[in-house]
Visitor: 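Once you've had a glance at the structure underneath, I'll fire off some questions.
Just so we're on the same page: letters track the sequence lines, and every chain starts at 1. Just so you know, these numbers come straight off a predicted model, no measurement behind them.
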2 protein chains.
Amino acid sequence: MPYVMVQIPKPPADEPLAPRSVPTSADVARLAGVSRATVSYVLNNADAVRISEPTRRRVREAARELGYVPHAAARSLRAGRSRTVLMPAPSFPAGPLYSRFLSELQWALGRLDYTVVQYGTAGAHGDEAARAWAELRPVAVLVPGSGLGPQGVEILKRSGARAVFTLGPEAVEGAHALLMDHEIVGHRAARHLYGRGRRGIGVVVPAEDGLGIFSTPRLEGVRRAVRGTDATVTELPLAYDERDAARVAARWGSLGLDAVFAYNDEYAMLLMRALQDAGTDVPGDTAVIGADDLMLGRLLRPRLSTVHLELPSGRDLAALVDRAVNDPGAAPERHEVLGAAVVHREST
Amino acid sequence: MPYVMVQIPKPPADEPLAPRSVPTSADVARLAGVSRATVSYVLNNADAVRISEPTRRRVREAARELGYVPHAAARSLRAGRSRTVLMPAPSFPAGPLYSRFLSELQWALGRLDYTVVQYGTAGAHGDEAARAWAELRPVAVLVPGSGLGPQGVEILKRSGARAVFTLGPEAVEGAHALLMDHEIVGHRAARHLYGRGRRGIGVVVPAEDGLGIFSTPRLEGVRRAVRGTDATVTELPLAYDERDAARVAARWGSLGLDAVFAYNDEYAMLLMRALQDAGTDVPGDTAVIGADDLMLGRLLRPRLSTVHLELPSGRDLAALVDRAVNDPGAAPERHEVLGAAVVHREST
DNA sequence: TTGAAAGCGCTACCAA
DNA sequence: TTGGTAGCGCTTTCAA
């Protein structure tokens, strides 16, 4: 039995006392005395249809008067696709380098008409996090760090993501990879130290949480650099405060080290100061090298040698994302995007 | 004339070759052999209705099998409200302090079941930006810096935002204000210097873009602190590099200054090193004070005096936002949330 | 040149 | 206990 639908007129909206309801395109249409379709045509500058200039004006005027703002969710629901690029907030404290990279990328994607959304995942893990991201139906997802597995990628793709990128140490099946393997940083540092005749190499490993995804590969890079040589690698846990640095410096003599790769410039500055205070000569007794090439390292005496890091330009990356979105069938690409080069100053 | 609607059965989805279309709740319903309503009840654990355990199991099983993930936009469109808290990305480079504050806030809001979204506005300005934000229909908006005017607040509210907060130097009409007026930082620094007998006070003003919203009020705070006294204030533009610092240090003698508030610890470290290299004794000839209380300041010799900043806890702030959302009618609140206290070390 | 209406995916009301 | 169905705000055919 067929249903019979009777048109029941809506109660006229003659109650301006209504508590400031949000204006919709229907309200604009009513005020302008046109249909919702016409409103949509005008406000989206649809060139497929010709709307008379007076009508256009009336619609625009009505929209302005009501303070109409289109509803992004409704729009993308109807369209069946969004231009949202999702970037989960990184689980590690973002340094100045990474922050700048991020905002550059955001800007560049914005230029390509994507809406970049940083999503604070607040503790969700693994596939659960992926599901939370998928609910937003992003057209692309850029995941920093290493919290996404092949399962997660599959979840995202099944929910419509046309490209998934990981920014981290390793590639994940099904996703494009922007490999930023910090292993190379440790490797460069150790090669430098070894090349300058150092054989007892200490490696600072920050005690702080969340830095493991950087410190572990950096340490591994050091190990790889000296594998098969007569050099030794000693792991040096260190908290980011003066007391702990003094503790390490106090037993320095007993460690038998003549060089240290201090994770980054900040830890390097901390440790170098402690070593100097404890009577260790830098670089005479011990060479010290950091990473990240912070301005401040140049101010120390001796000036701090460091590993300069180079992240890809936001513009290039945005273009890459755009390409991947437009060709979702393509095979996942791998790009090695972390440049690292030793800047030799005075501390080594 | 009434419309007659005939139920036309959809073509059966017997084409598994379809290019991996995104599963909807209807697909789950079909697979489980129940209605969409039932699917919704089960997956949302609706306690208003009793669904039998076998049915629940079937539905969940079907959802899992299809990899079903609900569509957030559709959901909030239907619900007429979202739990999205929007935070436009700040226009200034976020320091470690602010980054930590941000992620703490994100976490805390997440605990209250809000979805925090950082939106990269990519160059939109003023009301245009506000309109872009409004399209997302956030339940609350937290705007850092000072780019939002009363107009923008009105736009956001008219589009359904139940609370608008500004995090910045001044309150905006209609919005709650978390006042973080950096004027106090300069004021504290100058009072400290003045109290220690300094009368010729230089104030570093970074040449870098985007820092003006901090440096201008900090300078103003210094001015206010010494107004009506015999002390003088000298503005010192300084770029964040060694060459420019050397330039300033070279003409130090001619400036007639015996103290400098160096904007923050980084600029302080830069300038102090340059001054020392140029033969100026710190703090003998010139006292130097920074701000932000970075760890690294303690490593200098002399140890750097600084202004320690205290941002509000993310938890408190999240609670505040939650309260405002639940009581949208309440009058805008103003909270002074930036704490500043001098940490006296050796450089002053 | 404009309008009517279908439908995106979802939930909540009402009826069975 | 379960299902039908209306409708959130929007765009886009198709028809007039």
Side-chain angles (χ1 to χ4, degrees), chain A residues 1-8 10 21-30 32-59 63 66 68-82 134-137 159-160, chain B residues 1-8 10 21-30 32-59 63 66 68-82 134-137 159-160:
Chain A
M1 170 184 168
Y3 299 91
V4 176
M5 192 165 82
V6 184
Q7 275 199 311
I8 300 174
K10 274 191 180 178
S21 77
V22 181
T24 73
S25 76
D27 296 321
V28 176
R30 208 169 305 137
V34 299
S35 75
R36 272 148 68 227
T38 306
V39 171
S40 177
Y41 290 144
V42 171
L43 296 185
N44 292 313
N45 294 313
D47 37 356
V49 285
R50 297 272 164 262
I51 306 280
S52 69
E53 197 47 50
T55 305
R56 299 187 103 86
R57 221 193 315 279
R58 279 219 313 290
V59 169
L66 293 175
Y68 170 73
V69 175
H71 192 304
R75 174 179 289 178
S76 71
L77 178 59
R78 163 68 222 221
R81 64 205 145 68
S82 79
E135 291 193 1
L136 301 184
R137 296 291 192 273
S159 70
Chain B
M1 170 186 166
Y3 299 91
V4 177
M5 193 163 83
V6 184
Q7 276 198 310
I8 300 173
K10 275 190 180 177
S21 78
V22 182
T24 73
S25 76
D27 296 323
V28 176
R30 208 169 304 136
V34 299
S35 75
R36 273 147 65 229
T38 304
V39 171
S40 176
Y41 291 143
V42 171
L43 296 185
N44 293 312
N45 293 313
D47 36 357
V49 286
R50 298 271 164 263
I51 307 279
S52 70
E53 197 48 51
T55 305
R56 300 187 103 86
R57 221 193 316 280
R58 280 220 313 289
V59 169
L66 293 175
Y68 169 73
V69 176
H71 192 305
R75 176 180 287 179
S76 70
L77 179 60
R78 162 69 220 220
R81 64 206 145 67
S82 78
E135 291 192 2
L136 301 184
R137 296 291 191 271
S159 72

Visitor: Which atoms form the tightest heavy-atom contact between A:T55 and A:S52, and what is the distance?
Guide: OG1-OG, 2.7 Å
Visitor: Is there a side-chain contact between A:T24 and A:H71 (heavy atoms, below 4.5 Å)?
Guide: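 When only atoms from C-beta onward are counted, A:H71 and A:T24 do not touch, as no gap falls below 4.5 Å.
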Visitor: Which atom pairs, donor and acceptor, lie under 3.5 Å between side-chain atoms of residues 32-43 of chain A and protein residues at least two apart or in another chain?
Guide:
residue	atom	partner	partner atom	Å
A:S35	OG	A:A37	N	3.3
A:S35	OG	A:T38	N	3.3
A:S35	OG	A:T38	OG1	3.2
A:S40	OG	A:N44	ND2	3.3

Visitor: Taking only the side-chain nitrogens and oxygens of B:S25, find out if one of them lies under 4.0 Å from OP1 or OP2 of C:dG9.
Guide: no
Visitor: Please state how far atom CZ in B:R78 lies from atom C1' in D:dC10, giving the value in whole angstrom units.
Guide: 16 Å
Visitor: With a cut-off of less than 4.0 Å, is there a side-chain N or O of A:S76 near OP1 or OP2 of C:dC8?
Guide: no
Visitor: Taking NE2 from B:H71 and P from D:dG9, how many angstroms apart are they, rounded to a whole number?
Guide: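 Taking NE2 of B:H71 and P of D:dG9, I get 16 Å after rounding.
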Visitor: Given atom CG of B:L43 and atom P of C:dA12, what is their separation to the nearest angstrom?
Guide: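 Those two atoms, CG and P, are 13 Å apart.
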Visitor: By the 4.0 Å heavy-atom rule, please label A:S40 as base, sugar-phosphate, or nothing.
Guide: base
Visitor: For a quick check of understanding: with a heavy-atom distance under 4.0 Å over all strands, which category does A:T55 fall into, base, sugar-phosphate or nothing?
Guide: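 Sugar-phosphate contact only.
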Visitor: Between B:Y41 and B:R137, just flag the one whose closest nucleotide in DNA chain D comes earlier from the 5' side.
Guide: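 On the 5' side of the pair lies B:Y41.
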Visitor: Atom CZ of B:R81 to atom P of D:dG9: distance rounded to whole Å?
Guide: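 Roughly 13 Å, once rounded to whole Å.
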Visitor: By nearest heavy atom, map B:A37 and B:G80 onto DNA chain D; which one lands nearer the 5' end?
Guide: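 Counting from the 5' end, the first nearest nucleotide belongs to B:A37.
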Visitor: OP1 or OP2 of D:dC10 less than 4.0 angstrom from a side-chain nitrogen or oxygen of A:Y68, does that happen here?
Guide: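 A:Y68 to D:dC10 OP1/OP2: side-chain N or O found under 4.0 Å.
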Visitor: Can you check whether A:T38 has a side-chain N or O nearer than 4.0 Å to OP1 or OP2 of C:dG3?
Guide: yes
Visitor: Calculate the interatomic distance between B:R75 atom CZ and D:dG9 atom P; express it in whole Å.
Guide: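 For the pair B:R75 CZ and D:dG9 P, the rounded distance is 18 Å.
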Visitor: Whole-Å distance between D:dG7 P and B:L77 CG?
Guide: 14 Å
Visitor: Output the rounded distance in Å from CZ (A:R30) to P (C:dA4).
Guide: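 Going from CZ in A:R30 over to P in C:dA4 covers 13 Å.
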Visitor: For a quick test of reading the model: is some side-chain N or O of B:T24 closer than 4.0 Å to OP1 or OP2 of C:dG9?
Guide: no
Visitor: CZ/A:R75 to CZ/A:R81 distance, rounded to the nearest 0.5 angstrom?
Guide: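 One gets 10.5 Å once the value is rounded to the nearest 0.5 Å.
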Visitor: Examine distances only and state if a side-chain atom of A:R56 and a backbone atom of A:I51 form a donor-acceptor pair shorter than 3.5 Å.
Guide: yes
Visitor: How long is the line joining CZ of B:R36 and C1' of D:dC8, in whole Å?
Guide: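 To the nearest whole Å, that distance equals 14 Å.
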